[in-house]
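Have a look at the structure below before the remarks.
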Amino acid sequence: EVQLVESGGELVQPGGSLRLSCAASGFSLSDRYIDWVRQAPGKGLEWIGRSRNKANSYTTEYAASVKGRFTLSRDESKNSLYLQMNSLKTEDTAVYYCGRINGRLSDGMDVWGQGTTVSVSS
Amino acid sequence: DIQLTQSPSFLSASVGDRVTITCRASQDFSNYLAWYQQKPGKAPKLLIYGASTLQSGVPSRFSGSGSGTEFTLTISSLQPEDFATYYCQQLKGYPITFGQGTRLEIK
């Protein structure tokens, strides 16, 4: 079964750090672009970053709201992708989803994880 | 940034109704548009990509159209399981952006 599973979300204090994981099964992450999207409580969806596939050297893009604080990386041996979150702010509180881009860039995100909750509070 | 504005933001309809949601963009991005359905506490689900291509497994009562700066999602005959929030997303330019969402509720 093709699946993404996020983990690592928890309560953290402002200024703290957290690393989220996105583990894939049923397909090779290295072949695909993977995006991260978050959803603050009661709010809409916000795209926060992209990790391109191996053919594109795993290069990344970030939203302005997280650029310089969040970093995407991958571990091919674990078929996993990581979102390192530093200098966390209260406004980073959200459910974080990773999602697979469905083939071409125009194709949207066809597989999503279940989400992991990050709460930033003192 | 490409801004996406969905209308309406809230829609009340009955089972069997035909409904249309519009997504207007601040600039042209061809057909790099996707539509998602999200139910409370769940991850979004891809319905339409490339503005008009139905994702595998999605019922044919869902359809998408448009190009350039105006796009529509139509549900031809609402079913009870269709009451949810719908989002459009542009995948052409960075940052990738979503519309603010349309909440579809039972009348």
Side-chain angles (χ1 to χ4, degrees), chain A residues 1-7 9 20 22 24 27 32-52 56 59-68 70 72 94-117, chain B residues 1-7 9-10 21 23 25 28-58 62 64 66-68 71 73 84-103:
Chain A
E1 180 189 5
V2 171
Q3 197 174 6
L4 291 170
V5 177
E6 302 97 338
S7 60
L20 305 184
C22 173
F27 71 101
R32 300 299 190 113
Y33 283 41
I34 301 294
D35 282 5
W36 284 83
V37 172
R38 69 183 179 184
Q39 187 168 36
K43 302 296 184 182
L45 303 172
E46 179 190 13
W47 177 87
I48 58 169
R50 166 169 289 176
S51 173
R52 295 183 179 87
N56 287 280
T59 53
T60 55
E61 301 285 345
Y62 299 97
S65 58
V66 306
K67 195 170 185 178
F70 291 11
L72 288 165
V95 177
Y96 285 73
Y97 298 99
C98 61
R100 183 182 82 167
I101 293 295
N102 181 24
R104 298 172 303 176
L105 294 183
S106 61
D107 288 357
M109 298 164 66
D110 67 332
V111 178
W112 293 66
Q114 83 287 356
T116 188
T117 300
Chain B
D1 297 6
I2 299 175
Q3 310 298 326
L4 298 179
T5 303
Q6 290 181 229
S7 59
S9 295
F10 177 83
I21 299 169
C23 178
D28 189 334
F29 52 85
S30 185
N31 67 338
Y32 282 61
L33 186 105
W35 288 96
Y36 300 88
Q37 176 194 68
Q38 187 180 33
K39 296 182 178 179
K42 300 294 187 182
K45 173 186 174 183
L46 179 65
L47 300 175
I48 302 283
Y49 63 90
S52 60
T53 303
L54 193 66
Q55 171 67 1
S56 175
V58 174
F62 291 92
S67 66
F71 302 85
L73 171 70
T85 300
Y86 293 84
Y87 295 93
C88 58
Q89 179 198 34
Q90 67 81 18
L91 298 111
K92 180 67 172 179
Y94 294 107
I96 290 165
T97 48
F98 289 90
Q100 81 280 12
T102 294
R103 185 177 172 188

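Lettering follows sequence order; numbering is per chain, from 1.
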B:Tyr94/A:Arg50 under side chain to side chain donor-acceptor pair (under 3.5 Å): CA gap, chis, key distance, verdict: CA-CA 10 Å; B:Tyr94 294 107; A:Arg50 166 169 289 176; 3.0 Å; yes
Check against side chain to side chain contact (heavy atoms under 4.5 Å, CB included), A:Gln114 and B:Lys42: CA-CA 7 Å; A:Gln114 83 287 356; B:Lys42 300 294 187 182; over 6 Å; no
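Of the atoms belonging to B:Pro40, not a single heavy atom falls under 4.5 Å from chain A. Residue B:Phe29: no heavy atom, backbone or side chain, is found under 4.5 Å from chain A. With a 4.5 angstrom heavy-atom cutoff, A:Val111 does not touch chain B via any of its atoms. Residue B:Ala43 touches chain A through both its backbone and its side chain, counting heavy-atom pairs closer than 4.5 Å. Neither the backbone nor the side chain of B:Lys92 comes within contact range of chain A; no heavy atom of the residue lies under 4.5 Å from a heavy atom of that chain. For a residue to count as touching a neighbouring chain, one of its non-hydrogen atoms must lie under 4.5 Å from one of that chain's; by this rule A:Ile101 touches chain B with the side chain only.
Here the side chains of B:Thr97 and A:Glu46 are not in contact, with every heavy-atom distance at 4.5 Å or above. Side chains of B:Leu46 and A:Asp110 form a contact here, defined as non-hydrogen atoms less than 4.5 Å apart. For the pair B:Pro44/A:Tyr97, a side-chain contact is recorded, criterion being any heavy-atom separation below 4.5 Å from C-beta on. Two residues are said to be in side-chain contact when any heavy atoms from C-beta on lie closer than 4.5 Å; B:Gln38 and A:Leu45 meet this criterion.
Of the inter-residue distances, the one linking B:Leu91 atom CG with A:Tyr33 atom OH reads 12.0 Å to the nearest 0.5 angstrom.
The aromatic rings of A:Trp112 and B:Tyr36 lie perpendicular to each other, with more than 60° between the two planes, well past the 30° mark.
Considering every non-hydrogen atom in both B:Tyr49 and A:Asn102, the closest pair reads CE2-ND2, 3.9 Å.
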